[in-house]
Asks: 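Quick one: the structure is below, questions incoming.
Note that this is a predicted model, so its numbers are computed, not measured.
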Amino acid sequence: GVTSGQIDTVAELADYDVVLLGDSYSRSEIAAVAPALRQWVEAGGGVVGIGGSIELAGSDSGIPLADIDAILPGDTTVGLLRQYTSTFDIIDATHPVTIGVSDFSVGYYVEYSPTVDPGASVLAKAGGQPGLVVGNAGAGRGVYTGLYYYGSESGSRERILEQSVAWAAFDLTDSYTVLGKAGQELT
């Protein structure tokens, strides 16, 4: 991972293909990178928001961050909306983000926004609400999934994250570069 200070300018973001926003980020870190991140995504970068992104960028944490709302394909200005659901229902299995993924058991909370951006596509639902949404933001791409990730996921849940990152990066090949710190265990 990187700190917000390492990606708070468009020039620094140019070294990356995709930025992943998730529940491990603090409000101040998201706010610090939001203006540059928006410019970068709208110029052709990619962003993937996972469970916790709406809570931290939305009204539950203060004034909603308009720059994050502009690049994720759902309304992030809403307060925290999540529900415990048993199944993640794939409704479009032909999109590159969902190819090879079928309905699967979640068994935990899924965050959601009931409103998706015009032109965005809902690829999966959780409890009848949008659970996986993709869309364009200027020349870039945004993905939002309400699934929470804790580092031990596998199967369909992991595949959705991997394919979301690839799609947002305009890269549908199966080749990735992972950045880590010296001594950090990669699993």
Asks: Could you label the plane-to-plane angle of the Tyr150 and Tyr108 rings as parallel, tilted or perpendicular, counting under 30° as parallel and over 60° as perpendicular?
Replies: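 Plane angle over 60°, so perpendicular.
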Asks: Using every non-hydrogen atom in the two residues, find where Ala57 and Ile68 come nearest and quote the distance to one decimal.
Replies: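 So the two residues come closest at CB-CG2, 3.8 Å.
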Asks: Is the charged tip of Arg82 near the ring of Tyr112: under 6.0 Å from the six-membered ring centre and within 45° of its axis?
Replies: no
Asks: Take Leu123 and Ile91, measure what side-chain contact (heavy atoms from CB on, under 4.5 Å) needs, and give me the verdict at the end.
Replies: CA-CA 5 Å; Leu123 304 181; Ile91 59 174; 5.5 Å; no
Asks: Does the side chain of Thr9 come within less than 4.5 Å of Glu12's, by heavy atoms?
Replies: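 Counting from C-beta outward, Glu12 and Thr9 do come under 4.5 Å.
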Asks: Taking the side chain as every heavy atom from C-beta outward, state whether His95 and Val134 have any atom pair closer than 4.5 Å.
Replies: yes
Asks: If you compare all heavy atoms of Ala126 against all heavy atoms of Phe88, which two are closest, and at what distance to 0.1 Å?
Replies: CB-CD1, 4.0 Å
Asks: Donor-acceptor pair, Trp40 side chain versus Leu13 backbone, under 3.5 Å?
Replies: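 Confirmed, Trp40 side chain pairs with Leu13 backbone.
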Asks: Working to the nearest 0.5 angstrom, can you tell me the gap between Ser28 OG and Leu56 CG?
Replies: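 Reported to 0.5 Å precision, the distance equals 10.0 Å.
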Asks: Does Thr145 use its side chain to pair, donor to acceptor, with the backbone of Leu147 at less than 3.5 Å?
Replies: yes
Asks: Judged by atom type as modelled, is there a donor-acceptor pair below 3.5 Å linking the side chain of Gln163 to the main-chain atoms of Val97?
Replies: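 Side chain of Gln163 to backbone of Val97: a pair is present.
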Asks: Is there a donor-acceptor pair under 3.5 Å between the side chain of Gln6 and the backbone N or O of Thr3?
Replies: yes
Asks: Would Ile54 and Val78 count as a side-chain contact (heavy atoms from CB on, under 4.5 Å) here? Give the steps.
Replies: CA-CA 7 Å; Ile54 291 176; Val78 297; 3.8 Å; yes
Asks: Without swapping roles, check the side chain of Glu29 against the backbone of Ser26 for a donor-acceptor pair under 3.5 Å.
Replies: yes
Asks: Establish, from distance only, whether the side-chain atoms of Thr77 and Asp75 form a donor-acceptor pair under 3.5 Å.
Replies: yes
Asks: Are Phe170 and Ile99 co-members of a hydrophobic cluster defined by side-chain heavy atoms under 4.5 Å apart?
Replies: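 As far as the 4.5 Å side-chain criterion goes, Phe170 and Ile99 are not connected within one cluster.
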Asks: Are side-chain heavy atoms of Leu132 and Val122 found at a separation under 4.5 Å?
Replies: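 Counting from C-beta outward, Leu132 and Val122 never come under 4.5 Å.
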Asks: If Ile, Leu, Val, Met, Phe, Trp and Tyr residues are connected whenever their side-chain heavy atoms lie under 4.5 Å apart, and connections chain through other members, are Val143 and Val116 in the same group?
Replies: no
Asks: Please check if Val48 and Val106 belong to a single hydrophobic cluster, counting links between Ile, Leu, Val, Met, Phe, Trp and Tyr side chain heavy atoms closer than 4.5 Å.
Replies: yes
Asks: Val18 vs Val47, test: side-chain contact (heavy atoms from CB on, under 4.5 Å). Steps then yes/no.
Replies: CA-CA 5 Å; Val18 175; Val47 63; 5.9 Å; no
Asks: Would you find a donor on one side and an acceptor on the other, under 3.5 Å apart, between the side chain of Arg38 and the backbone of Ala70?
Replies: no
Asks: Could you grab the distance from atom CG of Leu65 to atom CG of Leu37, nearest 0.5 Å is fine?
Replies: 11.0 Å
Asks: Check whether Asp60 reaches the backbone of Leu80 with its side chain - one donor and one acceptor, N or O, closer than 3.5 Å.
Replies: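 Checking the backbone N and O of Leu80 against the side chain of Asp60, a donor-acceptor pair under 3.5 Å is found.
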Asks: May I ask you to establish whether Arg157 and Phe104 are in a cation-pi arrangement, using a distance under 6.0 Å from NZ or CZ to the six-membered ring centre and at most 45° from the ring axis?
Replies: no
Asks: If we ignore hydrogens and angles and just use 3.5 Å, is the side chain of Tyr149 paired with the main-chain N or O of Ile50 as donor and acceptor?
Replies: no
Asks: Looking at Ser156 and Val101, would you say the former's side chain and the latter's main chain have a donor-acceptor pair under 3.5 Å?
Replies: no
Asks: Nearest 0.5 angstrom please: Asn136 CG to Ile71 CD1, how far?
Replies: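 These two atoms lie 13.0 Å from each other.
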Asks: Using distance alone, with no hydrogens and no angle criterion, decide if Ser113 and Thr115 have a side-chain donor and acceptor under 3.5 Å apart.
Replies: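 Looking only at side-chain atoms, Thr115 and Ser113 do not form any donor-acceptor pair under 3.5 Å.
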Asks: Is there a donor-acceptor contact under 3.5 Å linking the side chains of Glu111 and Tyr144?
Replies: yes
Asks: Is it true that a side-chain atom of Asp69 and a backbone atom of Thr76 form a donor plus acceptor pair closer than 3.5 Å?
Replies: yes
Asks: Begin from the C-alpha positions of Asp67 and Val33 and carry the test side-chain contact (heavy atoms from CB on, under 4.5 Å) through to its verdict.
Replies: CA-CA 9 Å; Asp67 290 322; Val33 303; over 6 Å; no
